[in-house]
Amino acid sequence: MKAVIAEKPSVAQDIAKILGANGRKDGYMEGNGYRVTWAFGHLVELAMPAEYGWEGFKAENLPMIPETFKLVPRQKKDGKKMSADPGVLKQLKIIKEVFSGSDEIVVATDAGREGELIFRYIYNYLHCKTPFKRLWISSLTDKAIRDGFAKLRPGSEYDNLNTSAECRSQADWLVGLNASQALAIAAHGNYSLGRVQTPTLKMICERYLENKNFVPQPYWQLLVSTEKAGIKLPVWSDKRYEQAEQAQAAVGQIQQAGHLTVGKVERKEVRQEPPLLYDLTALQKEANTKLNFSADKTLSVAQSLYEKKVMSYPRTGSRYISEDVFEEMPERIALLAGYEPLAKQARAMQGMSLNKKSVDDKKVTDHHALIITENLPGGNTLTVDESKVYHLVASRMLEAFHAACIKDATTATLTAADVTFTLRGSIIKTPGWRSIRNEVEETSEDKEEVGALPPLAEGENLPIRKVEMVEKQTKPKPLHTESSLLAAMETAGKDIEDEEERAAMKDIGIGTPATRAAVIETLFRREYIERQKKSLVPTNKGLAVYEIVKDKLISDVAMTGRWETALNRIADGQGKAEAFKGAIVQYTKQITQELLAVQGDKLRSDAAAPVVTVKCPLCGGEVKLFPKLAKCTNEACDLKIWREIAGKKLSDKDLTTLLTKGKTGVIKGFKSKAGKKFDAALELKDGKVGFVFGK
């Protein structure tokens, strides 16, 4: 008898069907020589400090460094205490019986670091000795499962991956629990810190403060309107003038010159190769930009598409496929001829020589890039959100294997009164991959590039129709969105635009493609950050924590990136786990000592201090805006407005408008008790808040 363990019941059912294990039992399926059981994610986890005798938050307990880490069944809150989840205990008992009655185990948890850890923690907790093999597949289609069972790998091949996973788990325990307790003790409050969470908070706060404190500087550019052959041509000066008087003087000189003289004219053919296939982070960034999906939502939807067998394994960090997978691409592209939104584009690619930019065996990690499977979704099998993400992945797949986009680009230099102007224009000769979504290039030149230029010759004079000085302002870096934050996490905070350079930085980013979404969600859950439209901004509490940790080791982004690199090396068999653990223990001691020395009063007052104070509309006193509510400081006044109303968190601006004007504009995104979204204004009458709906 062989045992099979999957990560979820739904996946176990798919595998059982393929294996012919159709007999339903309590907690497993049986038949044809197999017993197929399942976990519910992490059934076993590292024990909390109380299991080692470290009760409560006490400075003398710190740093807490277990000699040997203990494993316990997943805990849940029972009143004020934590106890083992009864459902978890029941399933662990079933798994133990299935394992003990088998002569071999097939590990079919998700093929990644966390999937490996889920199994190994269960296996070790149960003190199981039964030999096991590994099912390692990149999709859940029937064919992939059959092929995977035909090529089961020795479980020992994944010992290094498991060691890396254990090191990550133990490091997060050591850093997170010790740092959080140290700060809580020093600051007399409840604060959460983490190995990846805190550097991520630092990046958000630094960008927010940089943006908020930025002082715009005015400058002027000259805009000349000219034309040739009936084509109007706007040209901008290369120089930026810091003084209006200088710009005005230049305008007069140019008007006096009366014409622009064409200098160097450069024409060249530009070849733009298609973008690489998506990995998880690239998909999350694009879904955030185009669909306004959070990173967590995109991962959840992508996981659902994987479990519906229409998309490959989502938690991948590679944007490449191997040669053997590339051989299947003509069939996958032909399949999309039956997918109406992209049918025309897919048919146009049939028989085409496919681009191999995204094909590189050496750059495929545990899993290849995201692609569609041989199963085309039909009818109403996908939800609206699943359809949107599927469309992104399918579109990118067609783009990645399409031909390059070929453009004719012209750059001309023009002068008048010793002022240089640059005129750029381009026309697409062959759209190539850009034909898939029919998107034009987004250019950093903004509106300063025109389309096709008329013929221009060196020494030629063009008439000046109009000269104007246009006032502009320097701009700060925009606030982080989830898309830009994911990019920053991917490159350990370094601003890198070039795709190849970004790829080279992947191994020293913070977090992993599979964990970054959870880190961001943790910051929301801790009320350290909030969303303002698409932007991520820190709350008062988040800023207060940042002010304390910004110069501490716990928030060092580069160091966190180095830890991630070390974990990757352990997974590859190049790094030593003992060296990593020793360094993490030393690091834990350092950060604990730093945080215990924090002056508690400073953090408490900063965390509680409101950013905004408003006159009370009821008593004329002061209303202060706190992280969770707006409250009048007059004890005799009952005015209190909670920040979260009907599932929507109000910004300082919303609350200020409500308190000063008695009514807000329309606010989007409230949720009814039935879970339906609605938009409404808020009105304040006699200290009570109500909704105001349009016609």
Side-chain angles (χ1 to χ4, degrees), residues 46-70 166-206 209 492-493 508 510-511 519 522-523 526 528 538 541-567 570 575-608:
L46 294 180
M48 296 303 282
E51 291 284 333
Y52 302 93
W54 294 311
E55 295 281 357
F57 285 21
K58 298 175 184 176
E60 57 266 29
N61 288 343
L62 302 183
M64 301 174 292
I65 301 173
E67 286 188 22
T68 304
F69 280 91
K70 297 179 182 179
E166 285 186 353
C167 285
R168 193 277 309 155
S169 177
Q170 293 172 12
D172 286 349
W173 192 102
L174 288 167
V175 174
L177 288 175
N178 281 290
S180 298
Q181 286 202 19
L183 185 58
I185 291 166
H188 313 291
N190 187 17
Y191 301 98
S192 166
L193 300 179
R195 185 179 63 87
V196 180
Q197 169 192 324
T198 305
T200 304
L201 174 64
K202 180 181 180 180
M203 289 194 290
I204 295 169
C205 290
E206 283 184 338
L209 293 172
I508 56 172
I510 64 173
V519 170
T522 297
L523 293 175
R526 303 293 184 195
Y528 286 169
K541 184 179 180 182
L543 283 169
V545 172
Y546 162 74
E547 285 299 326
I548 293 301
V549 302
K550 63 182 180 182
D551 298 322
K552 306 286 190 297
L553 277 173
I554 185 71
S555 68
D556 189 328
V557 178
M559 180 168 284
T560 304
R562 289 195 290 274
W563 291 134
E564 212 63 63
T565 302
L567 289 170
I570 291 169
K576 299 295 183 183
E578 290 310 312
F580 176 86
K581 290 177 180 178
I584 279 287
V585 166
Q586 188 60 35
Y587 173 73
T588 300
K589 291 176 179 178
Q590 288 178 281
I591 61 171
T592 303
Q593 188 176 8
E594 276 189 335
L595 292 166
L596 282 174
V598 165
Q599 295 299 313
D601 290 341
K602 181 176 185 292
L603 181 58
R604 288 187 72 194
S605 61
D606 283 353

For the backbone of Ser192 and the side chain of Gln197, can you confirm whether one donor and one acceptor N or O come within less than 3.5 Å of each other? yes
Could you check whether any side-chain N or O of Tyr587 sits under 3.5 Å from a backbone N or O of Leu553, counting only pairs where one atom can act as donor and the other as acceptor? yes
Would you please name every residue forming a side chain to side chain contact (heavy atoms under 4.5 Å, CB included) with Ala558, sequence neighbours left out? Asp556, Arg562
What residues, two or more places apart in sequence or in another chain, satisfy side chain to side chain contact (heavy atoms under 4.5 Å, CB included) together with Met48? Leu177
Side-chain contact test, heavy atoms from C-beta onward, threshold under 4.5 Å: evaluate it for [X] versus [Y] and give yes or no.
X	Y	value
Leu201	Ser555	no
Val585	Lys581	no
Cys167	Trp563	no
Ile510	Met203	yes
Lys552	Ile591	no
Cys205	Tyr528	no
Lys202	Val549	no

In plain terms, say whether Arg195 and Glu564 are close enough for a salt bridge, that is, a side-chain N and a carboxylate O under 4.0 Å apart. yes
Test side chain to side chain contact (heavy atoms under 4.5 Å, CB included), reference Met64, set Asn178, Thr588, Leu174, output is Asn178
Side-chain donor/acceptor pairs under 3.5 Å, residues 52-63, sequence neighbours excluded:
unit_1	atom_1	unit_2	atom_2	d
Tyr52	OH	Lys70	N	2.7

